[in-house]
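The structure appears below as structure tokens.
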Amino acid sequence: MIKIRGGKYLHRVLKQPPLEITRSTKDVCKEGMFNSLGNIYSCSFLDLFGGSGSIGIEAYSRGANPVFINEKNKQAFNIIKENLNSLSINEIKTFNLDYKDFLNKAKKDGLKFDIIFLDPPYKMIINDEFINDILSNDILSENAIIIAETDYELEPILFEKYKIKILKYGRSKINFLRKKI
């Protein structure tokens, strides 16, 4: 069971795809992440690997707008749509694309994001190449934050290019990346 932890939809329950398909962000991780972000009112938000849609919905609940959720898996994507329908949310834009296809579409459409959340499938590791896929598409606003949930440390080169804050919750790490000024 997944619950919204803050904002307009506080305590509302969301459906979750089977665990073989996605892993949901633990409530303690989600709450810590959003508390660290602070006020996200009117920030553009992208959840690139949507799963149940709970992170994007949480962001929207806390005032982020516009919000985009992308999920490649059709079964998980349908659950995102069900969750949005159950809350009568029509403003969140959803996509059923491979993440690279979504990044290309976002670039083509001229989209810019203030916050990008990454929690890719189990076997996908977030590394420099992965982050460079995002950077090369020029979809980040000037002061954008990339948030990556992972079990792994980021490769050292990222420490040279970004300010990094890491929150640890058991095996989960929430990595906040922001370009150094």
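- When the ring pair (Phe, Tyr, Trp, His ring centres under 6.0 Å) test is applied to Phe95, the partners found at least two apart in sequence or on another chain are Phe102.
- In this structure, the side chain of Glu71 engages the main chain of Gly51 through a donor-acceptor pair within 3.5 Å.
- For Phe176, there are no ring pair (Phe, Tyr, Trp, His ring centres under 6.0 Å) partners at least two apart in sequence or on another chain.
- Cluster membership check: Leu97 does not share its hydrophobic cluster with Ile80, using side-chain heavy-atom separations under 4.5 Å among Ile, Leu, Val, Met, Phe, Trp and Tyr.
- Taking every heavy atom of both residues into account, Gly50 and Ile69 meet most closely at CA-CG2, 3.7 Å.
- Electrostatic pairing of Asp101 and Lys105 does not count as a salt bridge here, judged by no charged N lying under 4.0 Å from a carboxylate O.
- Scanning both residues, Ala59 and Ile40, for their nearest heavy atoms gives O-CD1, 3.7 Å.
- The side chain to side chain donor-acceptor pair (under 3.5 Å) contacts involving residues 39-49 comprise Ser44-Asp114, where partners must be two or more places apart or lie in separate chains.
- With hydrogens and angles disregarded, a donor-acceptor distance shorter than 3.5 Å links the side chain of Asn175 to the backbone of Ala148.
- Contact detail for Ile79 and Pro17: the closest heavy-atom pair is CD1-CA, 3.4 Å.
- Listed by first then second residue, pairs satisfying ring-ring contact (aromatic ring centres under 6.0 Å, His included) with a partner in residues 59-90 read Phe68-Phe113, not counting sequence neighbours.
- Around the CD atom of Glu91, the shell of radius 6.0 Å holds more than 12 heavy atoms that belong to other residues, nucleotides or ligands.
- Across every non-hydrogen atom of Arg178 and Ile145, the tightest pair is NH2-CD1, 2.8 Å.
- Judged as a ring pair (Phe, Tyr, Trp, His ring centres under 6.0 Å), and not counting sequence neighbours, Phe34 has no contacts.
- A salt bridge links Lys112 to Asp138: one of the charged nitrogens lies within less than 4.0 Å of a carboxylate oxygen.
- Nearest heavy-atom pair across Leu118 and Pro120 is C-CD, 3.7 Å.
- With hydrogens and angles disregarded, a donor-acceptor distance shorter than 3.5 Å links the side chain of Arg12 to the backbone of Ser86.
- Listed by chain and number, the residues in a side-chain contact (heavy atoms from CB on, under 4.5 Å) with Asn35 are Glu31, Arg62 (sequence neighbours excluded).
- Other residues, nucleotides and ligands place more than 12 heavy atoms under 6.0 Å from the NZ atom of Lys93.
- Between the side chain of Asn73 and the main chain of Gln75, a donor-acceptor pair closer than 3.5 Å is present.
- Ring geometry for Tyr99 versus Phe130: interplanar angle under 30°, hence parallel rather than tilted (30 to 60°).
- Minimum interatomic distance between Lys3 and Lys30 (heavy atoms only, all atoms of both residues): O-NZ, 3.0 Å.
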